[in-house]
Novice: 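Got a structure here, written out as structure tokens. Questions coming.
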Amino acid sequence: MDRIEENELTSFDSLAILEGLLFVAGTEGLTDKQIADVLEISESEVSSLCHTLAVKQQQEGRLFRVMQIANVWQLNTVPALTPYLRRLSLVPAPSSLSQAALETLAIIAYRQPITRAEIEEIRGVKSEKAIGTLIARGLIMEAGRAEGPGRPFLFATTPEFLDYFGLQSTSDLPPIAEIERQIRQNE
Amino acid sequence: MDRIEENELTSFDSLAILEGLLFVAGTEGLTDKQIADVLEISESEVSSLCHTLAVKQQQEGRLFRVMQIANVWQLNTVPALTPYLRRLSLVPAPSSLSQAALETLAIIAYRQPITRAEIEEIRGVKSEKAIGTLIARGLIMEAGRAEGPGRPFLFATTPEFLDYFGLQSTSDLPPIAEIERQIRQNE
Amino acid sequence: MKEPQNYQISLQSFEGPLDMLLHFIESDKLDIHEIPIAKVTDQYMAYLNQSLEFELEIASEFLVMAATLIAIKARSLLPKRIEQNPQNPGDLDAENDPEQDLKERLLEYKAFKMVALTLEQKQVQRAEHIGRLPTALEPYRELPTVSDFLAGLELSHLQEVVLRVLTRSQKTVDVSVVRDRETIPERMNTILKTLQKGSTTFFALTKNRQRKEIVTVFLAILELIRLNKIICRQEAKFGDIWIELKKTN
């Protein structure tokens with residue numbers, strides 16, 4: 001009896017950990033290997049664990065679910081939530097952009113597609129919160145992944161961003177190369 | 001009996017919807033008003049609903065929780081998950097603020113809106129660099145100009161400041177007079 | 001210079017002269033209000049001299065503080081110019097007492113340093129609570145248009161759905177009924193009337209119906225889409241199709 005309970009606890013815990021990890025991973029998702037490494041299980045067990053989690057989420061009536069998309073596992077909302085998201089999208093959210101968000105937006109506009117690490121290198125400070133704000137406001141979006149270790153997400157401005165400024169494409173942004181050159185010379 | 005079950009179902013559904021909405025809002029979080037509008041409840045009911053959700057999440061052993069920070073409700077992981085997130089490098093590398101930035105921020109938090117000269121008067125050193133860092137990180141912002149010669153900029157903390165330190169409002173910090181009194185007494 | 005630890009600490013270790021003075025006071029466990037200014041001044045000047053020896057750059061703030069300390073020390077050595085009047089606490093001399101001012105500044109600075117420490121701890125605690133990047137609500141914001149709803153929906157999907165519904169009750173499809181054009185306009189009107197009461201779905205419209213009627217519904221919907229009267233949306237392949245009236249402005 002004790003043994004069974006212990007196993008149940010362990011299995012329950014792995015599900016909770018798995019769900020927590022997927023929660024933070026967001027749309028980047030996690031691969032079989034990543035999940036297997038963290039939970040110290042074999043890669044072949046990952047799929048079954050994810051399905052167990054999906055069943056648990058369904059049974060508990062949760063409106064987001066683990067699903068496998070393009071070889072990564074990620075948490076996504078289910079269509080039943082859509083009407084509420086539509087309603088939420090119509091509730092006015094705080095509209096002004098912080099200085100940090102504005103800077104981040106400007107960098108993304110001129111240097112897109114760009115990774116978070118590259119943005120942070122240019123700004124010299126962490127920019128996660130600013131990126132979150134810009135995504136939530138529909139000003140930037142994830143646009144593929146960079147090559148290299150970790151294959152981090154690339155960010156780009158949305159079509160709505162261009163529409164707002166009446167631009168056909170980002171190449172219509174006022175040029176900065178000349179100004180940059182002048183700044184460098186003055187330094 | 002039927003009626004009770006119906007109520008339970010409704011309450012369960014709002015919790016699932018609430019969690020789904022918070023999931024989508026991510027680090028941006030949702031205000032009382034946003035939640036109330038979408039769920040068609042009064043703003044005064046939001047807090048109790050969120051607390052019910054937090055209890056449910058805890059009972060179900062989930063490793064993320066609804067919490068109120070900086071006047072918005074948001075879903076965040078609990079510290080128990082941090083070691084696993086570390087293994088996946090999903091935890092942003094610690095980038096704590098410098099002592100100078102923390103001191104400057106402390107002064108602005110209590111004395112806002114405040115000019116750079118006033119900050120430097122209290123700290124006894126130049127604080128331009130610290131102010132620059134804090135602006136870039138979105139923790140403080142320019143909030144108008146002071147009267148008097150040169151009309152210097154006034155600085156104030158941003159909502160992100162509250163979020164960064166997990167504060168509900170600046171009144172979460174102990175009154176500075178109280179701290180000074182303690183220092184006097186301890187001597 | 002007397003204490004060897006002096007060599008281990010440079011001016012750069014301090015956030016400024018106030019920070020350095022606090023360090024002396026705290027390491028000697030002194031009360032801010034009882035600081036023996038003479039002793040602190042000596043320590044302070046020793047540090048400055050040490051920094052000069054090592055040719056370290058000394059920020060002007062440290063020199064200003066040195067001047068203040070020396071002024072206070074000199075003043076403390078002089079006899080009081082005016083006797084303190086106990087019945088006049090707002091004594092001009094007391095108000096301008098630089099030693100008192102310095103002590104108040106140190107007290108205030110120490111209080112903020114303690115807040116900074118609290119913030120440092122809160123920063124660490126907060127960092128343990130990690131959220132996820134938000135999902136953009138922009139796609140939900142605008143009332144979607146026909147093309148939004150139909151994006152990704154091909155007629156072949158509609159065909160698949162209708163075939164699935166048809167084969168749900170019966171294995172074979174009687175194709176001949178498709179030719180029954182007479183009822184399609186009628187069905188279109190019925191659907192439009194239903195939609196005026198609210199949106200509906202394909203499954204709802206075809207529930208408990210004969211396959212002949214189902215085909216008619218399907219064709220009526222196709223016709224209504226073509227006429228730009230309704231909006232259809234299918235969340236998933238083989239899923240139900242949401243149907244609503246197109247608002248005409």
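Each chain gets a letter, A, B and so on, in the order its sequence line appears, and its residues count up from 1. Predicted model only: the values in this text are computed from it and were never measured. Every heavy atom of this structure was used, including side-chain atoms; hydrogens, water molecules and symmetry mates were not.
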Novice: Report the option among B:Leu85, B:Leu81, B:Leu105, B:Leu97 that has the most heavy-atom pairs separated by less than 4.5 Å from atoms of chain C.
Specialist: B:Leu97
Novice: Any idea which of C:Ala136, C:Ala116, C:Ser60 has the most non-hydrogen atom pairs under 4.5 angstrom with chain B?
Specialist: C:Ala116
Novice: Using the rule side-chain contact (heavy atoms from CB on, under 4.5 Å), only one of C:Lys113, C:Glu15, C:Glu61 pairs with B:Arg123; which is it?
Specialist: C:Glu15
Novice: Working to the nearest 0.5 angstrom, can you tell me the gap between B:Ile107 CD1 and C:Tyr109 OH?
Specialist: 7.5 Å
Novice: For B:Phe23, what residues pass the ring-ring contact (aromatic ring centres under 6.0 Å, His included) criterion, not counting sequence neighbours?
Specialist: A:Phe64
Novice: Got a second to check how far B:Ile179's CD1 is from C:Leu107's CG, nearest 0.5 Å?
Specialist: 11.0 Å
Novice: Using the test ring-ring contact (aromatic ring centres under 6.0 Å, His included), find all partners of B:Phe161 that sit at least two apart in sequence or belong to another chain.
Specialist: B:Phe165
Novice: Within the supplied structure, the quantity of interest is the number of heavy atoms (other residues, nucleotides, ligands) at a distance under 6.0 Å from B:Glu128 CD; does it exceed 12?
Specialist: no
Novice: When heavy-atom pairs shorter than 4.5 Å are enumerated against chain C, which of B:Thr77, B:Leu102, B:Thr82 gives the highest number?
Specialist: B:Thr77
Novice: Taking only heavy atoms into account, what residues of residues 67-76 of chain B are found under 4.5 Å from chain C?
Specialist: B:Met67, B:Ile69, B:Gln74, B:Leu75, B:Asn76
Novice: Decide salt bridge (Lys or Arg N to Asp or Glu O under 4.0 Å) for C:Arg126 and B:Asp163; before the verdict, give the C-alpha distance in whole Å, the side-chain angles of both, and the deciding distance to 0.1 Å.
Specialist: CA-CA 8 Å; C:Arg126 173 68 176 93; B:Asp163 188 283; 2.9 Å; yes
Novice: Please report the closest heavy-atom contact between C:Pro17 and B:Gly124, naming both atoms and the distance.
Specialist: CD-O, 3.5 Å
Novice: Can you tell me which portion of B:Arg111 sits under 4.5 Å from chain C's heavy atoms? Options are side chain, backbone, both or neither.
Specialist: side chain
Novice: Determine the option with the most heavy-atom pairs under 4.5 angstrom with chain B, choosing from C:Glu128, C:Lys122, C:Gln121.
Specialist: C:Glu128
Novice: Looking at B:Tyr110, I want to see if its OH is surrounded by more than 12 non-hydrogen atoms of other residues, nucleotides or ligands under 6.0 Å.
Specialist: yes
Novice: Of all the heavy-atom pairs spanning C:Gly16 and B:Val125, show the shortest one and how long it is.
Specialist: CA-CG1, 3.1 Å
Novice: Test side-chain contact (heavy atoms from CB on, under 4.5 Å) on B:Leu173 and C:Leu119; report intermediate values, then the result.
Specialist: CA-CA 9 Å; B:Leu173 293 169; C:Leu119 289 178; 4.0 Å; yes
Novice: Based on non-hydrogen pairs under 4.5 Å, which of C:Met65, C:Arg132, C:Glu120 is most in contact with chain B?
Specialist: C:Arg132
Novice: Of the backbone (N, CA, C, O) and the side chain (C-beta and beyond), which part of C:Glu104 lies under 4.5 Å from a heavy atom of chain B, both, or neither?
Specialist: side chain
Novice: Drop me the distance from B:Asp172's CG to C:Thr118's OG1, to the nearest 0.5 angstrom.
Specialist: 12.0 Å
Novice: Where does B:Ala25 contact chain C at under 4.5 Å (heavy atoms): side chain, backbone, both or neither?
Specialist: backbone
Novice: Give, as side chain, backbone, both or neither, the part of B:Val78 having an atom under 4.5 angstrom from any heavy atom of chain C.
Specialist: backbone
Novice: If the contact rule is any heavy atom under 4.5 Å from chain C, which residues of residues 133-157 of chain B qualify, in numerical order?
Specialist: none
Novice: Between chain B and each of C:Glu108, C:Arg105, C:Met114, count heavy-atom pairs under 4.5 Å; write down the option with the most.
Specialist: C:Glu108
Novice: Counting heavy-atom pairs under 4.5 Å to chain C, which of B:Ala101, B:Gly166, B:Pro174 comes out on top?
Specialist: B:Gly166
Novice: Calculate, to the nearest 0.5 Å, the distance between atoms CZ and CD belonging to C:Phe112 and B:Glu180 respectively.
Specialist: 7.0 Å
